[in-house]
Colleague: 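Encoded as structure tokens, here's the structure I'll be asking about.
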Amino acid sequence: MKKNNDKLSLVINAADDKLAHDIDVLEVTDLTSVADYFVILSGKNERQVVAIADSIEDKLSENKYDLRSKEGYRSGRWILLDYGDIIIHIFHKEDREFYNLERLWADGKKINIDNYVS
């Protein structure tokens, strides 16, 4: 589990460095085999959404974590970064409100990110 904690910390801090809004981490281990965690966060506009995605991707790449899949990058409205055990959803604020993933995954355990922010 230490490896997940390190990776989560890198994701959260990279997003925070780019001023991401409303960073939520849901532990979904018992709900799906797709991932252990969903990280859901927002940017104010397409440019910020892309900058957050780039920051996360750069930080994880520097630390030798492989990106499995990336979707939505060109539109900058909802970018999904799949790192296997962690899936990151970076939303434009309006799209996040519309899709409301937190409601869809409400049975997931919400993780306090204060322990991860440096």
Colleague: Might you work through the side chain to side chain contact (heavy atoms under 4.5 Å, CB included) test for E57 and L60, ending with a clear yes or no?
Modeller: CA-CA 5 Å; E57 198 172 345; L60 291 181; over 6 Å; no

Colleague: Are K110 and E27 within salt-bridge range, i.e. N to O under 4.0 Å?
Modeller: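 Looking at K110 and E27, the cut-off is not met.
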
Colleague: First locate atom CG of D107, then atom CG of L31, and finally report the distance between them rounded to the nearest 0.5 Å.
Modeller: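 Rounded to the nearest 0.5 Å, the CG-CG separation comes out at 6.0 Å.
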
Colleague: Take a 6.0 Å sphere around CD of E46 and say whether it holds more than 12 heavy atoms from other residues, nucleotides or ligands.
Modeller: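 Result for CD/E46: enclosed.
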
Colleague: So, are D85 and R68 salt-bridged, with charged N and O less than 4.0 Å apart?
Modeller: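 Answer for the salt bridge query: no.
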
Colleague: Do F98 and L80 share a hydrophobic cluster, counting only Ile, Leu, Val, Met, Phe, Trp and Tyr and linking them when any side-chain heavy atoms are less than 4.5 Å apart?
Modeller: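 Linked within one cluster.
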
Colleague: Can you name the side chain to side chain contact (heavy atoms under 4.5 Å, CB included) partners of K44, sequence neighbours left out?
Modeller: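 K44 satisfies side chain to side chain contact (heavy atoms under 4.5 Å, CB included) with H21, Q48 once adjacent residues are dropped.
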
Colleague: Between I87 and H89, which heavy-atom pair has the shortest distance, and what is it?
Modeller: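 That would be CG2-NE2, 3.6 Å.
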
Colleague: Using the rule side chain to side chain contact (heavy atoms under 4.5 Å, CB included), only one of D95, V49, V39, V50 pairs with I90; which is it?
Modeller: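 So the option named by the test is V49.
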
Colleague: Taking side chain as C-beta onward, heavy atoms only, is D24 less than 4.5 Å from L41?
Modeller: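 A side-chain contact is absent here, since even the closest heavy-atom pair is not under 4.5 Å.
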
Colleague: If I take atom CD from residue E94 and atom OG from residue S42, how far apart are they, to the nearest 0.5 angstrom?
Modeller: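 Here the rounded value is 11.0 Å.
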
Colleague: Give me the ring orientation class for Y99 and W78: parallel if the planes are under 30° apart, tilted from 30 to 60°, perpendicular past 60°.
Modeller: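 Rings of Y99 and W78: tilted, 30 to 60°.
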
Colleague: With side chain to side chain contact (heavy atoms under 4.5 Å, CB included) as the test, pick out the partner of Y65 among I56, I86, D6.
Modeller: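 When I56, I86, D6 are each tested with Y65, the side chain to side chain contact (heavy atoms under 4.5 Å, CB included) holds only for D6.
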
Colleague: Do V28 and W105 pass the side chain to side chain contact (heavy atoms under 4.5 Å, CB included) test, and can you show the C-alpha distance, the side-chain angles, and the key distance before you say yes or no?
Modeller: CA-CA 8 Å; V28 294; W105 293 95; 4.0 Å; yes

Colleague: Taking atom NE2 of H92 and atom OG of S75, what is their separation to the nearest 0.5 Å?
Modeller: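 Answer rounded to 0.5 Å: 10.0 Å.
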
Colleague: CD/E102 to CG/D22 distance, rounded to the nearest 0.5 angstrom?
Modeller: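 It is 8.0 Å, given to the nearest 0.5 Å.
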
Colleague: Test of understanding: with side chain to side chain contact (heavy atoms under 4.5 Å, CB included), list the residues that count as partners of D17, not counting sequence neighbours.
Modeller: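 Checked D17 against side chain to side chain contact (heavy atoms under 4.5 Å, CB included); zero matches.
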
Colleague: Is a side-chain donor-acceptor pair under 3.5 Å present for N5 with S9?
Modeller: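 No donor-acceptor contact under 3.5 Å links the two side chains.
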
Colleague: Run the numbers on I40 and F91 for side chain to side chain contact (heavy atoms under 4.5 Å, CB included), then give the verdict.
Modeller: CA-CA 8 Å; I40 305 167; F91 282 100; 4.0 Å; yes

Colleague: So, for I113 and I12, which heavy atoms are closest and what is the spacing to 0.1 Å?
Modeller: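 Looks like CG2-CD1, 3.8 Å.
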
Colleague: Quick check: do Y37 and L26 have side-chain heavy atoms less than 4.5 Å from each other?
Modeller: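 Answer no - side chains too far apart.
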
Colleague: If hydrophobic clusters are built from ILVMFWY residues whose side chains come within less than 4.5 Å, do I52 and L67 share one?
Modeller: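 Yes.
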
Colleague: If you compare all heavy atoms of L81 against all heavy atoms of A53, which two are closest, and at what distance to 0.1 Å?
Modeller: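 Answer, listing the atom of L81 first, then A53: CD1-O, 4.0 Å.
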
Colleague: Could you give the distance from CG (L10) to OH (Y116), rounded to the nearest 0.5 Å?
Modeller: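 Those atoms lie 11.5 Å apart.
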
Colleague: Measure the NZ-CG distance between K59 and D54 for me, rounded to the nearest 0.5 Å.
Modeller: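 Going from NZ on K59 over to CG on D54, the span is 13.5 Å.
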
Colleague: Would you say the side-chain atoms of S55 pair up with the backbone N or O of A14, donor to acceptor, closer than 3.5 Å?
Modeller: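 Yes; at least one donor-acceptor contact below 3.5 Å.
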
